[in-house]
Every structure is written in C-alpha cells, then in structure tokens.
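We count ligands from 1, going down the list as the structure has it; atoms in each ligand are counted the same way. This structure is a prediction, so every number in the text was calculated from the model and none was measured. Side-chain atoms are counted along with the backbone in the values below, which use heavy atoms only and exclude waters and symmetry mates.
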Amino acid sequence: MNTRIDNVQEISHEEGLFLRQSYFDKAKRIVVKVGSAVLTDEHGIDSNVISNIARDLSFLKNSGREVLLVSSGAVAAGKRKVTITDNEKLGLVEKQALAAIGQPSLMQSYVEAFDKCEQRVAQVLLTHGDLQNRDRYLRVRNTLLALFRFDTIPILNENDTVAVEELRFGDNDTLAALIANLIDADMFICLTDVVGLYTANPQTDPAAKPVYTVREVTKEIEAMAGNVKSSLGTGGMQSKIRAAKIVATGSGSSFIGPGKKDSILQHLFSGEMIGTFFLPSAEKTKPRKQWIEHVLRPKGKLVLDKGASSAIMKRGCSLLPSGIVEVHGTFGVGDAVQCLDGDKNIIATGLINYNSSDVQRIKQHHSDDIEKILGVKDYDEIIHRDNLVIL
Ligand code: GLU
C-alpha cells in the first residue's frame, strides 16, 4: 500500500484521496474562480480556455449542482484592444478604463461559449462597498440565489471601473472567497496558472514535493506560497491561500490548481489527485461574524488590559470601557475595530458602539460613569459580545 506522506500536516496519500473525493462528491454549490493568467494568451482572451470552462461548468450544472463563476480578465482583455507600448506604465485610472473596454468582450466570449452548451449566464459586477453594507450584502445573496433558481450561472467580476481604492477588493481571489461564504458554497475552486502548492521551490530544490491536502492554513502553509510563481493577475499565491482560509471558516473546502488543463473540473470531480485541496474548519463561524471578520475593514484599534483580553477571549464577555488602555484611529459608531492584547497581538474584531473621541474619554472608566462623562449613555458595552469575533 502507498503510505507516502504528501503533506506537512501528516495526511497520507490515501487519506487525502479519500477526503478529497468525499468533499467533491457532496459539493452541491460551487464557486469557481478563473484568473487572468489562465484566460488570456499573447493575443488576448483565449477562446479555447473559455470553451473549456463553459463545458466544465455546464457539466457540473447538468450534474445537479449550482455553480457561480468569478472571472478576471477584463483588464487583460482591454489591454489587447488598445495600442499601448510594453513599457508604458498603467495607473489605476488606465486599468479602470481598460476594464471597461475588456469586460464586454470577456462576457461576449462567455455568452458564445455557454450558448453552445445551452447554458444561460448572467453578469454581476461588484465593489467592496456593495458587501460592506450589511443590507446590500444580503441583497447580493438574494439576487445570486434567484439566479440559481433561474437555472443561470452568474459570472462575477470586480466592478473595476468604479472601484476606487477604498471600495476595491483588490483581487478576485478575495472577492470569490467572500462570495463563497455569502452564498454558503460547499466548495471554492481557484483555477490558476500554477499546479498547486509545493513544500519548497520546485525550480531550485529537487526535494520539493507537491502538497495535495491541507488540513489547516497555518503559517507554515502560508510560507509555502512563496514557492510558486504566477505570471499574471493581481493576488499571487498568497491571496489564493488567504481566500482558502476565509472559505474554510465558512465551512467550505477549497482547491487551487491548473486552470489551463483540459476538462480540469471533470478530472477533479472524477477523483484525480491534481492541485492542492484545503479542508474546511471543523467549526463554522456564524454568517454575521464571518461578515464582520472578513468583509469589514477595521477603522481603528483598541489596546486592552489583561483582564479585558482574558474576559473577551476566555469567558465570551462583551468589551467594557474599563478594560481599554489605548485608542488608535478615527472611527464612528458601527465601524469595525480591532482589539489588541498588551503584546499588540490582534485578538478580536468587532462593531463598536461609540465613536473614537467618545472611547478616548470613557476608556478605563466604569460603564456607570459613561453618562456622567458623555452626557448620554446608549450602551454599557463598547463592543457587545454578539458583535465581537475572537480570532
Ligand atoms: N478584476 C480584474 C480584471 O478583470 C482582475 C483582478 C485579479 O486579477 O484578481 O481584470
């Protein structure tokens, strides 16, 4: 029997194969992300790749699964349409313009390819701002689920043209992971131009081994991202592993592997050991807490004393003003802020009940004194335990 250990986390080849197959077999709702490096060649959008994706996704859909595609390639497609010299430096505005040029032809290629498979698709363009607002976040979910009911494959991309810095996801790996959690996907499949994770750089180290199964995204696994290089796209391997980590907390599994391989999804679903597979966390973070932790961007930091750190971490308590030692940043009521312990480790993130100048005034005071200090008291807690995610 083959007992080769493929993984730094002590998963034998057999166990990895078994786990992988069981997750692929039961995956009913799947988010597939395809990167620019897979979709384009030197002439622009590679129609063979698009046809391959359309066939593969239609195959999954026809086997009774719900499928959503997150596709990059708008900027890359736009670049091939205008005359720009190789050494011309493209700023954000130019990339936003190129995305506007490339997105329609990207979609046109998809519509033509999916038409051949008699599969309907829809275009959804999002900015980070659309997910940051809880109400809009839930509306995006409703729309995507309605598209599934209409037997349609939604094709998402970042709305690059309007996404200024603070509204950007930055890379589609993050967008895809957040969407996977938003729609409770069972699996996130990230198709890229690398074959998967390696224990060391395979170009320079002959002892480098492929990592087929990851039980948990640890620092060691994150460090392995540096062993593989991708040519195009924004995120690189780091953002793909971060994406797998986000999806794991929502109880989804993830796969990172070679997107140009013919019929890759059909190979995968029939049990071939390709790429790297990430198992979900044993415990699922509650949906609202996933949104607080992964979608919201912290606007400030609170440094807590020992008592408060231990009360929120070990006893599941709310954060009270008396335990706050330092306040950093400018934030308003309802913003996300990070909580740090005395050693400046981030231990929690949560939605705050007071703005930064009020927290400055009431820190290290008892909740009974809030009214005396501020003239009004809306809450005893600075962050209520229901709005606090322990990291
Ligand atoms: N939204 C970008 C595009 O369509 C791609 C971002 C990424 O590479 O992750 O070109």
Side-chain angles (χ1 to χ4, degrees), residues 31-47 49-50 53-54 68-82 84 88-111 113 121-131 140 153-181 188-194 225 228-247 254-260 294-295:
V31 170
V32 179
K33 185 254 165 179
V34 195
S36 305
V38 175
L39 289 165
T40 52
D41 58 17
E42 64 276 19
H43 309 296
I45 295 171
D46 184 340
S47 55
V49 174
I50 299 264
I53 293 166
L68 180 150
L69 176 65
V70 176
S71 176
S72 303
V75 176
K79 237 186 236 175
R80 302 309 188 313
K81 291 204 174 272
V82 294
I84 24 178
E88 201 169 324
K89 197 136 177 50
L90 298 175
L92 180 61
V93 177
E94 284 75 25
K95 285 190 190 151
Q96 290 181 303
L98 290 175
I101 296 169
Q103 182 65 25
S105 57
L106 180 65
M107 274 316 286
Q108 191 181 1
S109 309
Y110 277 122
V111 170
V121 293
Q123 172 184 262
V124 180
L125 299 177
L126 293 172
T127 65
H128 188 264
D130 297 321
L131 303 191
V140 172
I153 296 183
I155 302 181
L156 274 67
N157 194 0
E158 174 151 18
N159 194 354
D160 295 302
T161 307
V162 298
V164 288
E165 216 49 67
E166 63 275 20
L167 296 176
R168 298 184 82 208
F169 293 100
D171 62 78
N172 273 355
D173 302 315
T174 310
L175 166 64
L178 298 178
I179 292 297
N181 282 6
F188 162 55
I189 296 179
C190 185
L191 298 180
T192 179
D193 65 340
V194 301
V228 274
K229 294 273 167 282
S230 160
S231 56
L232 269 171
T234 321
M237 201 60 174
Q238 266 95 359
S239 78
K240 290 170 184 40
I241 292 180
R242 223 176 17 246
K245 200 171 172 178
I246 293 175
V247 173
S254 294
F255 168 85
I256 300 175
K260 280 208 194 261
H294 301 303
V295 178

Strictly distance-based, threshold 3.5 Å: is any side-chain N or O of [X] a donor or acceptor partner for the main-chain N or O of [Y]?
X      : Y      : value
Arg80  : Asp41  : yes
Ser105 : Gly102 : yes
Gln103 : Ala74  : no

Inset, instruction - Would you mind running through ligand 1 and noting each atom that sits below 4.0 Å from a heavy atom of Asp171? - result: 9 (O)
Inset, instruction - Identify, by atom number and element, the atoms of ligand 1 in contact range of Ser72, meaning under 4.0 Å from any of its heavy atoms. - result: 4 (O), 5 (C), 7 (C), 8 (O), 9 (O)
N/O separation below 3.5 Å, [X] to ligand 1:
X      : answer
Lys33  : no
Glu158 : no
Ala76  : no

Inset, instruction - Answer with side chain, backbone, both or neither: which part of Val75 has a heavy atom less than 4.0 angstrom from an atom of ligand 1? - result: both
Legend entry - side-chain hydrogen bond (donor to acceptor under 3.5 Å, both in side chains) against Asp130, all qualifying residues, sequence neighbours excluded: Thr127, Arg136
Inset, instruction - For Ser254, check side-chain hydrogen bond (donor to acceptor under 3.5 Å, both in side chains) against everything at least two apart and list the hits. - result: none
Inset, instruction - State whether Asp173 and Lys33 are salt-bridged, where the test is any N-O pair (Lys NZ or Arg NE/NH1/NH2 against Asp/Glu carboxylate O) under 4.0 Å. - result: yes
Inset, instruction - Take every heavy atom of Gly73, measure it against each atom of ligand 1, and state whether any distance is under 4.0 Å. - result: yes
